[in-house]
Protein chains: 2
Amino acid sequence: MPWRDGTGPPWWHGKMKGCGYRLTVPRHAILDVLSQTKEHLSAEDIYLAVHKVYPAIGLTTVYRTLELLVQTGMVFKFDFGDGRARYELSEGPQSIGHHHHLVCTGCGRIIDYTDFIDEEIELLRKTEKGLSKKYNFKITNHLIQFHGLCGKCN
Amino acid sequence: MPWRDGTGPPWWHGKMKGCGYRLTVPRHAILDVLSQTKEHLSAEDIYLAVHKVYPAIGLTTVYRTLELLVQTGMVFKFDFGDGRARYELSEGPQSIGHHHHLVCTGCGRIIDYTDFIDEEIELLRKTEKGLSKKYNFKITNHLIQFHGLCGKCN
DNA sequence: ACTTTAATTGAAAATGATTATCATTAACAA
DNA sequence: TTGTTAATGATAATCATTTTCAATTAAAGT
Ligand SMILES: [Mn+2]
Ligand SMILES: [Mn+2]
Ligand SMILES: [Zn+2]
Ligand SMILES: [Zn+2]
């Protein structure tokens, strides 16, 4: 649990330790980068940002750490169709929480939106219920993206 | 326009010629494979199926043809998270039309469903309207997947 | 603080899907 | 039938991500 004034240990310390993982410099640095942006960074984006402060940290470790964070649910991994995975903090003070994406097919811009989540959640609930019965399928997650052209591209 | 009794030229001939593309043996073979399955085939899957009948057709041509078919809207390309693209006929007599997917994270099985499309379309309409106004974003397409465990995996 | 020990790291090489090159082939309009 | 040019296929190249493995280090115990 992080301090309210932001001076205490970052919120993720507990999560990491709780899962039995060591709190290392690379992991700290990577989580720092993720918690200080609203963008959807690629592994290399994160590597470059981390590299400015800790030139010794390698790309391999970035990939490994991201996989760890995805497994523990601290980070979401997305594919927006440009051939590289994108990562985004899934929780914590800075994160916007569950949301869906608008993907501009013109310039690649990604827009987070939550405006219609309520109705979507309602639909998802119905869908989950129905599909669960019909296909005996246990839904644990969903992926919703709208593709089109952003304001600058149309 | 294909013959009603199925003896005429396949339905895609018109589409190909109409777009100014040549009707070649590889293209015919690839479309044949796609129209005779309900599965979500990878490029290599398609290559192997085509290879049984036409061993001379190469994987490169399969990739090129698939890209062409995706561009012309005859084929949909999906990413179900296993590191290889999947392809599915988007129209024609055999196709099931627009649908969404259930992705089993246990065994990788893909289930097509159309049951809730109507309600989803209604939601999409609302969403499109709202987001179009708020973000000046023109939605042309959407991607909806539910992830979870299929009947055999839970 | 010092030791111990297994988890973690980083450089380098490997992997695997997809794409680019380029000489050869073949569709099809004339 | 012929000429033009799109299309093909073998090969090499790309590029994101993984694997390997020896060296490092977090952190628990002393
Ligand atoms: Mn987002
Ligand atoms: Mn499908
Ligand atoms: Zn744009
Ligand atoms: Zn399954």
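Below, read A as the first sequence line, B as the second, and so on, with proteins coming before strands; counting in each chain starts at 1.
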Heavy-atom donor-acceptor pair, B/R27 side chain to B/R22 backbone, under 3.5 Å:
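Side chain of B/R27 to backbone of B/R22, a donor-acceptor pair under 3.5 Å: yes, one is there.
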Treating A/D32 as the side-chain partner and A/A29 as the backbone partner, does any N or O pair qualify as donor plus acceptor under 3.5 Å?
no
Taking [atom1] from [X] and [atom2] from [N], how many angstroms apart are they, rounded to a whole number?
| X | N | atom1 | atom2 | result |
| --- | --- | --- | --- | --- |
| A/H28 | D/dT25 | NE2 | P | 17 Å |
| A/I57 | C/dA11 | CD1 | C1' | 15 Å |
| A/Y54 | D/dT25 | OH | C1' | 15 Å |
| A/D82 | D/dC15 | CG | C1' | 13 Å |
| A/M16 | C/dT8 | CE | C1' | 12 Å |
| A/Y47 | D/dA16 | OH | C1' | 15 Å |
| B/L66 | D/dG9 | CG | P | 13 Å |

Would you say the ring centroid of A/H100 lies under 6.0 angstrom from that of B/H142?
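Distance test on ring centres: not under 6.0 Å, no.
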Can you confirm if the aromatic rings of A/F80 and A/H40 lie within a centre distance of less than 6.0 Å?
yes
With nearest nucleotide decided by heavy atoms, which residue, B/P55 or B/G20, maps closer to the 5′ end of DNA chain D?
B/G20
Could B/D45 and B/R86 be called an ion pair, given the rule that one side-chain N must be under 4.0 Å from one carboxylate O?
yes
How would you summarise protein contacts on nucleotides 17-30 of chain C per nucleotide, using B for base, S for sugar-phosphate only and - for none, with heavy-atom distances below 4.0 Å?
SBBBB-----BS--
Reported CZ-to-CZ distance for the pair A/F137 and B/F146, which is rounded to 0.5 angstrom:
10.0 Å
